[in-house]
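Report on one structure; see the data block that follows.
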There are 2 protein chains.
Amino acid sequence: MTDGTAHIHDHEHCIDTAIARARELCGAREVKLTPIREKVLEIVWRSHKPVGAYDVLDQLARTHKAARPPTVYRALDFLMAEGLIHKIESLNAYLGCGEAGHMHESQFLICRACGTAEEIVDDALDAALDAATKRSGFTVERKVVEIAGVCARCQTL
Amino acid sequence: MTDGTAHIHDHEHCIDTAIARARELCGAREVKLTPIREKVLEIVWRSHKPVGAYDVLDQLARTHKAARPPTVYRALDFLMAEGLIHKIESLNAYLGCGEAGHMHESQFLICRACGTAEEIVDDALDAALDAATKRSGFTVERKVVEIAGVCARCQTL
DNA sequence: AGTTGAATGTTATGTTGTATCATTAGCCCA
DNA sequence: TGGGCTAATGATACAACATAACATTCAACT
Ligand SMILES: [Zn+2]
Ligand SMILES: [Zn+2]
Ligand SMILES: [Zn+2]
Ligand SMILES: [Zn+2]
């Protein structure tokens with residue numbers, strides 16, 4: 001397939017689930033998932049491809065004329081702080097988190113052919129990261145792991 | 001210490017060694033380490049902190065009035081292609097490679113207190129990365145591993 | 001000398017992200 | 001009920017990072 005979705009599925013369901021989960025979490029944490037923040041979350045979730053801030057802005061502006069870069073960056077910052085989205089540093093782009101709720105280190109497989117970024121959770125990998133830093137006496141605050149290449153699907157096309 | 005060097009050492013020696021090694025490698029590969037490229041390599045090597053492209057430009061312009069952004073980005077691209085420097089994606093900055101010559105995956109420990117980035121080579125970590133991708137049938141082309149936190153030195157200050 | 005291709009010069013523009021201050025909206029409480 | 005507080009958003013401007021496109025120069029080879 002060429003549209004970058006990892007596989008055929010009911011993607012509206014992905015989006016709805018993510019938003020419902022976000023509402024729950026924000027309610028429990030007593031932070032505000034405002035209309036703008038929710039809309040930005042929905043836009044980010046509309047694809048399984050990382051999406052740039054200015055793409056988000058273009059889409060947000062369709063329904064929210066006052067939208068400007070700070071509008072978007074504030075919403076993205078909030079969503080990242082709450083663990084609802086991640087930033088892919090090597091792409092300067094943002095992606096919905098499928099594991100929102102329990103804080104975790106994000107690790108991504110990024111396909112240059114279809115553009116998808118799959119979030120993986122690999123405890124052995126995470127342990128190896130910790131071991132590497134412990135040896136140096138380094139205190140970890142953030143781990144960026146972004147593996148670029150070609151996904152299994154794209155190799156068979 | 002506050003200047004961001006990892007430890008007290010003869011840093012001129014670091015620079016000289018890196019440039020000498022770069023000359024060797026480029027000679028052997030029959031690619032051209034031109035004056036501009038060599039100067040950019042030296043500027044990048046002047047610290048153990050990742051340095052932004054426009055910082056490089058400012059420094060390059062001192063001796064090379066015609067320098068413009070493309071001048072710098074072309075040189076940086078060349079140096080990356082030859083494995084002489086790395087880009088730190090999470091900082092949009094560039095750092096000399098201490099292991100130039102044998103191609104390798106780069107893994108960095110980035111201290112937010114002193115700004116240094118230490119390149120580590122951890123085979124167990126690299127193996128864990130490969131294992132994580134093999135399971136998914138993903139073909140790896142590039143691995144970005146950037147661990148941010150506080151280095152051992154800065155914790156004791 | 002003439003040809004060729006790589007490197008650099010030059011101008012302009014595209015892309016990503018922040019600083020700053022003004023305004024608005026929700027909430028608490030006198 | 002309405003003042004006073006804070007969080008969120010609006011609005012303008014700019015900073016920081018990166019590339020497109022085309023012209024010119026330079027070195028190497030004939
Ligand atoms: Zn989906
Ligand atoms: Zn793919
Ligand atoms: Zn040094
Ligand atoms: Zn440090």
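Remember, it's a predicted structure, so these values are computed and weren't measured experimentally. Residue numbering restarts at 1 for every chain, and letters A, B, ... go by the order of the sequence lines.
Rounding to whole angstrom units, CD of residue A:E30 and P of D:dA7 are separated by 14 Å. For A:I88 and C:dG17, the CD1 to P distance is 12 Å, given to the nearest whole Å. Protein atom CD of A:E89 is 18 Å distant from nucleotide atom P of D:dA16, rounded to whole Å. To the nearest angstrom, P of C:dT10 lies 11 Å from CD1 of B:I36.
Expressed to the nearest 0.5 Å, how far CD of A:E42 lies from CD of A:Q59 amounts to 9.0 Å. For the atom pair OH of B:Y94 and CG of B:L84, the computed distance is 15.0 Å after rounding to the nearest 0.5 Å.
Of the candidate nucleotides D:dT9, C:dG17, C:dG9, C:dG9 has the atom nearest to the side chain of B:A66.
Of the residues in residues 68-81 of chain B, those with a non-hydrogen atom less than 4.0 angstrom from any atom of DNA chain C are B:R68, B:P70, B:T71, B:R74. Contact check of residues 55-65 of chain B against DNA chain D (heavy atom, cut-off under 4.0 Å) returns no residues at all.
In this structure, the ring of B:H11 has its center less than 6.0 angstrom from the ring center of B:H9.
Shortest non-hydrogen contact noted between A:A128 and B:A128 is CB-CB, 3.8 Å. For A:G83 against A:C97, the heavy-atom pair with the smallest separation is O-CB, 3.7 Å. Pairing each heavy atom of B:R21 with each of B:A100, the nearest pair is NE-O, 3.7 Å.
Contact check for B:I147 versus A:R142: no side-chain heavy atoms found under the 4.5 Å cut-off.
Taking side-chain N and O atoms only, A:K87 has a distance below 4.0 Å to OP1 or OP2 of C:dG17. OP1 or OP2 of C:dT16 has not a single side-chain nitrogen or oxygen of B:N92 nearer than 4.0 Å.
Between A:R23 and A:E38 there is a salt bridge, since at least one side-chain N of the basic residue sits less than 4.0 Å from a carboxylate O of the acidic one.
Ring geometry for A:H104 against A:H102 counts as tilted: the plane angle lies between 30° and 60°, on a 0 to 90° scale.
Nearest-nucleotide positions on DNA chain D place B:Y94 closer to the 5' end than the other of B:K32 and B:Y94.
At a cut-off of 3.5 angstrom, counting only N and O atoms as typed in the model, there is no donor on one side facing an acceptor on the other between the side-chain of A:Y54 and the base of C:dG14.
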